[in-house]
Protein chains: 2
Amino acid sequence: MTIHQTPGRLVTIADVAREAGVGESTVSRVLRGHGSFSKKAGERVLEAATRLGYVPNRLAGSLAGNAASGGSGLVGIIIPSLANIVFPDLLRGLTGALDVTGFQSVIGVSDYDPEREEALVSGLLSWRPAALVLTGLEHTPATVTRLRTAGIRVVEMIDTDGPGLDLVVGFSNRAVGHASARHLIGRGYRRIAYVGHDLGRDLRAAKRLAGFEAALAESGMALHASELVDGPSSSAAGRAALDALMARVPDVDAVYFSNDDMALGGYFCCLGHGWAVPGRVALFGCHALDITASMPQPLSTMRTPRLEIGRTCAERLTAGGPPGTVDLGFELSEGATA
Amino acid sequence: MTIHQTPGRLVTIADVAREAGVGESTVSRVLRGHGSFSKKAGERVLEAATRLGYVPNRLAGSLAGNAASGGSGLVGIIIPSLANIVFPDLLRGLTGALDVTGFQSVIGVSDYDPEREEALVSGLLSWRPAALVLTGLEHTPATVTRLRTAGIRVVEMIDTDGPGLDLVVGFSNRAVGHASARHLIGRGYRRIAYVGHDLGRDLRAAKRLAGFEAALAESGMALHASELVDGPSSSAAGRAALDALMARVPDVDAVYFSNDDMALGGYFCCLGHGWAVPGRVALFGCHALDITASMPQPLSTMRTPRLEIGRTCAERLTAGGPPGTVDLGFELSEGATA
DNA sequence: ACTTTTTTTGGCAGCGCTGCCAATTTGGTT
DNA sequence: AACCAAATTGGCAGCGCTGCCAAAAAAAGT
């Protein structure tokens with residue numbers, strides 16, 4: 001890991017001080033608008049800084065004012081994937097709100113792997129971030145230890161089904177699954193199947209399924225069938241899985257998908273076969289991706305407040321409140337497919 | 001921007017040195033596996049570091065070995081948006097390859113705004129990144145100056161239609177547009193329309209359209225009609241725009257969309273109206289989003305190597321080669337809608 | 001004019017780490 | 001046992017910035 005390029009020393013605060021004919025501390029004060037200085041000194045420093053093209057070195061800044069100035073201005077963010085728009089949405093909410101407060105986002109992608117997450121946590125911690133944002137509540141014991149002793153704020157986002165380390169912002173995935181089942185049952189479906197992706201990795205999807213099955217059980221029902229594919233969720237997987245499922249268990253009357261991606265694939269499968277939706281089979285997804293709203297029949301799904309979760313994480317992080325869980329809820333997006 | 005939390009001093013290299021009964025330099029050497037040290041010293045240091053839960057401070061590390069060790073290990077990345085999966089794809093390629101080499105990604109989202117980009121560049125530069133990755137070739141003059149004097153590698157990704165500052169990795173958007181038009185013309189379409197989003201901001205889309213129109217002109221044709229929506233691309237916008245277009249100019253026989261998002265919306269529009277695709281109207285998109293492959297009729301579009309662009313940026317960045325452009329090309333995804 | 005108060009200023013010690021260098025230890029040779 | 005080369009080690013000066021403090025300057029009061 002080396003990048004070769006012009007080594008030419010960059011302009012430092014000392015250069016600006018010399019140029020402006022003042023002391024280093026004065027330059028520092030002026031540049032941060034912190035402490036008092038005369039109008040004249042202010043002008044000269046600003047002028048010199050501009051002329052020299054001074055760019056502050058926040059590495060040095062964070063090192064110096066470590067104890068007092070409270071952190072480095074970096075916030076570490078770990079998400080499991082970038083392939084599913086759900087996580088970029090979270091990121092969008094986060095960076096949007098963080099930027100405004102002057103924090104920079106350092107990101108890591110764990111690929112749904114707790115070991116990888118552990119490594120990323122260590123790596124990010126070495127940048128002395130002001131806070132760390134993780135996805136989900138499940139981490140390796142080593143990760144938990146490291147986080148507890150890091151002395152910084154930690155937010156776990158998206159899932160509120162369980163105890164968190166510090167702040168938790170999201171919604172109950174169990175409740176989402178439960179409500180989804182209630183909706184399907186209420187609509188009169190009785191032979192309900194599940195189509196999902198790799199549940200060993202996507203623990204939130206597993207929790208939704210658990211909630212879903214719990215609701216079925218409460219009504220004296222159970223999953224009529226299910227079809228799981230290896231690997232991450234995708235439309236292609238959803239399409240293939242529904243295809244396989246319907247061939248295997250033709251009397252299914254509704255399908256709950258792990259995700260809107262998958263459900264969209266399922267919808268395409270139905271279109272391809274000419275199956276009426278929801279006449280032949282009803283489809284229900286999760287997350288309410290933008291795309292699903294413009295389908296000829298809007299997808300029946302659950303709207304999850306992803307942008308708002310990101311934004312709320314950023315706010316709570318900087319607000320300095322007590323630890324705790326913020327449940328932002330979810331909302332049925334009725335649609336026309338179930 | 002302050003985050004309150006346990007101030008408790010963290011373990012430093014000096015603590016580890018004391019604990020292991022060796023000097024600081026030895027600890028530093030052992031921990032980085034750099035320079036020589038005895039096996040015994042190595043073990044004692046490692047043991048002490050683990051026991052104390054030592055986490056290196058890369059802020060200090062980067063500050064110290066600045067001139068020689070070549071950069072901070074941070075790479076700044078600026079993308080215009082996170083709402084369109086195209087950019088997370090780029091990010092995915094980048095972070096994936098960067099992680100392996102020990103770099104951390106610091107991201108900024110410019111919202112397609114050059115001024116915002118300028119501010120982000122300044123902000124990122126203050127972290128003394130080893131390199132900066134930008135999107136597109138168009139920047140404010142101030143951004144260009146800052147970048148030129150920063151003395152670090154700069155990569156501009158996705159667009160190769162124009163001169164770059166240092167490294168450029170992507171494909172020719174003009175050529176994409178041109179090839180798209182050639183395809184439609186070759187298929188016999190003669191009343192071709194364009195449906196797009198805000199071109200003032202998305203300069204790549206504008207270049208594609210320019211290439212598209214150039215190809216039409218070469219065949220003695222011109223756009224039969226066009227429909228532009230304000231704001232960013234989205235399926236909803238694509239659907240609405242195609243709806244409006246077809247009402248206004250019913251004899252259109254093919255539509256070129258600024259983006260697959262938009263095209264997918266267009267496809268949904270056709271499904272809703274019961275229009276045969278491509279019989280009533282042909283649809284052509286851009287970017288080959290995964291989703292479009294599982295449509296009942298796969299979308300006709302251009303596959304752009306987004307992951308590979310990200311990966312290549314990361315590689316070139318760290319390879320230390322000369323400035324220049326890497327054109328990764330694109331590929332027709334024939335599909336069944338045009 | 002002289003003291004007191006307030007404002008402004010510069011010097012300097014770190015922050016935690018790395019690179020350099022000289023000192024020490026080790027291992028092998030004669 | 002004396003000697004030399006190689007391996008290992010610790011001390012220390014900085015990296016660029018900030019916080020603290022005392023000194024200097026300016027403003028205000030008698």
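Heavy-atom basis, side chains included; hydrogens, waters and symmetry copies ignored. Computed from a prediction, not measured in an experiment: that's the story for all the values here. Naming convention: chains lettered A, B, ... in sequence-line order (proteins, then strands); numbering from 1 in each chain.
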Donor-acceptor side-chain pairing of B:H139 and B:E118 below 3.5 angstrom: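 Side-chain D/A pair, B:H139 to B:E118: absent.
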Donor-acceptor side-chain pairing of B:S28 and B:S25 below 3.5 angstrom: no
Touch class at under 4.0 angstrom, heavy-atom based, for B:A41 against every strand present: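 Sugar-phosphate, backbone atoms only, no base.
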If you compare every side-chain N and O of [X] against the phosphate oxygens of [N] (OP1, OP2), does one of them come in below 4.0 Å?
X: B:S28; N: C:dT18; value: yes
X: B:S36; N: D:dT8; value: yes
X: A:T26; N: C:dT9; value: no
X: B:S38; N: D:dT9; value: yes
X: B:R58; N: C:dC17; value: no

Rounded to whole Å, how long is the line connecting atom [atom1] of [X] with atom [atom2] of [N]?
X: B:E43; N: D:dT9; atom1: CD; atom2: P; result: 12 Å
X: A:K40; N: D:dA26; atom1: NZ; atom2: P; result: 8 Å
X: A:E24; N: C:dA13; atom1: CD; atom2: P; result: 13 Å
X: A:F37; N: C:dT7; atom1: CZ; atom2: P; result: 14 Å
X: A:I13; N: D:dG19; atom1: CD1; atom2: C1'; result: 13 Å
X: B:R18; N: D:dG10; atom1: CZ; atom2: P; result: 14 Å
X: B:H34; N: C:dC17; atom1: NE2; atom2: P; result: 16 Å
X: B:R44; N: D:dT9; atom1: CZ; atom2: C1'; result: 13 Å

Donor-acceptor pair present, A:R29 side chain and D:dG19 base, under 3.5 Å: no
No-H, no-angle donor-acceptor pair, A:S25 side chain to C:dG10 base, under 3.5 Å: yes
Within-4.5 Å side-chain heavy-atom neighbours: A:R204 and A:P80: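 Side-chain contact under 4.5 Å: yes.
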Heavy-atom check, side chain of B:L147 versus side chain of B:I152, under 4.5 Å: no
Candidates C:dG19, C:dC15, D:dC17 - which lies nearest the side chain of A:A60: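 Among C:dG19, C:dC15, D:dC17, the one nearest the side chain of A:A60 is D:dC17.
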Side chain to side chain contact (heavy atoms under 4.5 Å, CB included) between A:R316 and A:V326, worked out: CA-CA 9 Å; A:R316 297 285 166 142; A:V326 183; 3.7 Å; yes
